[in-house]
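Notes for the one structure printed next.
Chain letters run A, B, ... following the sequence lines, proteins first, then strands; residues in each count from 1. Since the structure is predicted, the reported quantities are computational estimates derived from the model, not experimental observations.
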Protein chains: 2
Amino acid sequence: MTEKTYSISELSEEFSITPRTLRFYEDQKLIAPTRRGQTRVYSKKDRARLAWILRGKRVGFTISDMGKLLDLYYLEGGKVKQREAGLQGCRERIKTLERQKKDIDETLKELRDIIDMFKSWEPYPGQDNIKI
Amino acid sequence: MTEKTYSISELSEEFSITPRTLRFYEDQKLIAPTRRGQTRVYSKKDRARLAWILRGKRVGFTISDMGKLLDLYYLEGGKVKQREAGLQGCRERIKTLERQKKDIDETLKELRDIIDMFKSWEPYPGQDNIKI
DNA sequence: ATTATAGTTGACCTTTACGTAAAGGTCAAT
DNA sequence: ATTGACCTTTACGTAAAGGTCAACTATAAT
């Protein structure tokens, strides 16, 4: 059974990014698709890595951050020190993410306040300008 | 009673940013401190705006995003269309923030899995290298 | 055979968010 | 009056994350 593979455009469409982005990630050593000739062939594993990278990006990590994380994740055997550093790194990331969650909750609250403020200013029928 | 004010360095230290950053935000019309001579004097209100901007930044908004949001917030009277746009903008931001929260939760879960993985590799006493 | 469709590698361009001098003003303390 | 601390503007520099050509190549379809 041959595993499913993806072309660069399939993958970029699926994740709403451009092929350029995928090539860029490869350039930055985040993904290493195999080649058939000189054409990139992405595996399921590559696809999973990509999903990880993009999610990391959405929550504020840089792509090089994600590169390091992925390396840790796929680390098969390594020195103790590397693993310790990995653990430390993970813990720090968890902390910043938890802070971000708090920030988001507070920002959400304020956004909803703004919406309420807007609503309480609803114009009267027939009126399309409000002056104070 | 004269309200409390802050110097550029007070404020930048409090929020762990550089004075350059504050001047930059002013350049971008995000904050408009008053002046005593040519020296910037920040009010409580300025400080609040700054806190907003920085929180927005932490959760992934650009500073120009935050500028627009602040304008909406401090909007005193305006056309209906502006307010409608403001409402729409807020709703969109709320959506992306909620998505980000989900992303964060999933990322947190995976980070914790990685940590568990690391832990299960704990070396035996006296051993400081693991090979596979 | 030629056209269309994907793919490739450069190389340079752009935006965001500041950093980093350079060059000097202001004011309090010595 | 000079030092030091803090402030100012102007202006060029930079890193991150791609965008945007341009010039080819490979393969499939007509």
Side-chain angles (χ1 to χ4, degrees), chain A residues 4-43 46-47 49-71 93 96 100 103 107, chain B residues 4-43 46-47 49-71 93 96 100 103 107:
Chain A
K4 209 207 159 172
T5 61
Y6 311 82
S7 75
I8 194 167
S9 51
E10 272 174 342
L11 217 51
S12 54
E13 269 172 46
E14 177 177 356
F15 289 96
S16 303
I17 57 181
T18 65
R20 171 69 175 98
T21 300
L22 279 167
R23 295 191 191 106
F24 176 70
Y25 289 170
E26 184 173 350
D27 214 53
Q28 308 294 307
K29 318 285 179 197
L30 294 181
I31 306 186
T34 57
R35 304 277 180 134
R36 208 185 51 208
Q38 73 173 359
T39 301
R40 291 166 175 83
V41 176
Y42 295 88
S43 68
D46 292 326
R47 186 175 167 282
R49 281 179 78 101
L50 178 60
W52 242 89
I53 294 164
L54 295 178
R55 196 164 58 225
K57 265 198 46 183
R58 282 197 295 274
V59 298
F61 289 124
T62 67
I63 62 156
S64 83
D65 281 341
M66 291 314 287
K68 289 170 201 159
L69 259 183
L70 281 165
D71 289 346
R93 281 154 216 277
T96 69
Q100 268 183 255
D103 283 339
T107 305
Chain B
K4 205 198 163 183
T5 61
Y6 311 81
S7 76
I8 193 167
S9 51
E10 273 174 342
L11 217 51
S12 55
E13 270 173 46
E14 177 177 355
F15 289 97
S16 304
I17 58 179
T18 65
R20 171 72 175 98
T21 300
L22 279 167
R23 295 192 190 105
F24 176 70
Y25 289 170
E26 184 173 350
D27 213 54
Q28 308 295 306
K29 318 283 179 197
L30 294 180
I31 306 185
T34 57
R35 303 278 179 133
R36 208 184 53 209
Q38 74 173 359
T39 300
R40 291 166 177 83
V41 177
Y42 295 86
S43 68
D46 291 327
R47 186 175 167 283
R49 281 179 77 101
L50 177 60
W52 241 88
I53 293 163
L54 295 177
R55 196 163 58 223
K57 264 197 48 181
R58 282 197 295 275
V59 298
F61 289 125
T62 68
I63 61 154
S64 83
D65 280 341
M66 291 315 288
K68 289 170 201 159
L69 258 182
L70 280 166
D71 288 347
R93 280 154 217 279
T96 71
Q100 268 182 256
D103 283 339
T107 305

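- The distance between atom CG of A:Leu22 and atom P of D:dA17, rounded to the nearest whole Å, is 15 Å.
- A sub-4.0 Å separation between OP1 or OP2 of C:dG7 and a side-chain N or O of A:Ser9 is present.
- Place A:Thr39 and B:Phe61 on DNA chain C by their nearest nucleotides, and A:Thr39 ends up nearer the 5' end.
- At C:dG7, none of the side-chain N or O atoms of A:Arg40 fall inside 4.0 Å of OP1 or OP2 (strictly under the cut-off).
- B:Arg47 contributes no side-chain N or O that, together with a main-chain N or O of B:Leu11, makes up a donor-acceptor pair within less than 3.5 Å.
- Judged by distance alone, the side chain of A:Asp103 and the main-chain N or O of A:Gln100 form no donor-acceptor pair under 3.5 Å.
- A close approach under 4.0 Å does occur between a side-chain nitrogen or oxygen of A:Thr18 and OP1 or OP2 of D:dG19.
- In summary, B:Arg35 and B:Glu26 engage in a salt bridge, as defined by a charged side-chain N under 4.0 Å from a carboxylate O.
- Computed from coordinates, the A:Asp27 CG to C:dT9 P distance equals 9 Å when rounded to whole Å.
- Here the C1' atom of nucleotide D:dA17 and the CG atom of A:Asp65 are 13 Å apart, to the nearest Å.
- When heavy atoms are screened at a 4.0 angstrom cut-off, A:Arg36 is found touching no nucleic acid atom at all.
- Regarding B:Ile8, its CD1 atom lies at a distance of 10 Å from the C1' atom of D:dC6, rounded to whole Å.
- Atom pair B:Glu13:CD and D:dA5:C1' shows a separation of 13 Å (rounding to whole Å applied).
- One can place CZ of B:Phe24 at 10 Å from C1' of C:dT15, the figure rounded to the nearest angstrom.
- B:Ile63 comes within 4.0 angstrom of sugar-phosphate atoms only, judged by non-hydrogen atoms across all strands, and of no base.
- A:Thr18 and A:Thr21 form a side-chain donor-acceptor contact under 3.5 Å, judged by distance and modelled atom types alone.
- The phosphate of C:dC18 (OP1 or OP2) has a side-chain N or O of B:Tyr25 nearer than 4.0 angstrom.
- The 5' end of DNA chain D is approached more closely, in terms of each residue's nearest nucleotide, by B:Glu26 than by the other of B:Glu26 and A:Gln38.
- A close approach under 4.0 Å does occur between a side-chain nitrogen or oxygen of A:Thr21 and OP1 or OP2 of D:dG19.
- Here D:dA17 presents its P atom at 8 Å from NZ of A:Lys57, a figure rounded to the nearest Å.
- Scanning atom types as modelled, no donor and acceptor separated by under 3.5 angstrom connect the side chain of A:Arg23 and the base of C:dT9.
- In this structure, the CG atom of B:Leu50 is 14 Å from the C1' atom of C:dC18, given to the nearest Å.
- Taking 4.0 angstrom as the limit, A:Arg20 places none of its side-chain polar atoms (N or O) nearer than this to OP1 or OP2 of C:dG7.
- Put simply, B:Ser7 has a side-chain N or O that comes within less than 4.0 Å of OP1 or OP2 on D:dC7.
- The backbone N or O of A:Leu30 sits less than 3.5 Å from a side-chain atom of A:Arg49, completing a donor-acceptor pair.
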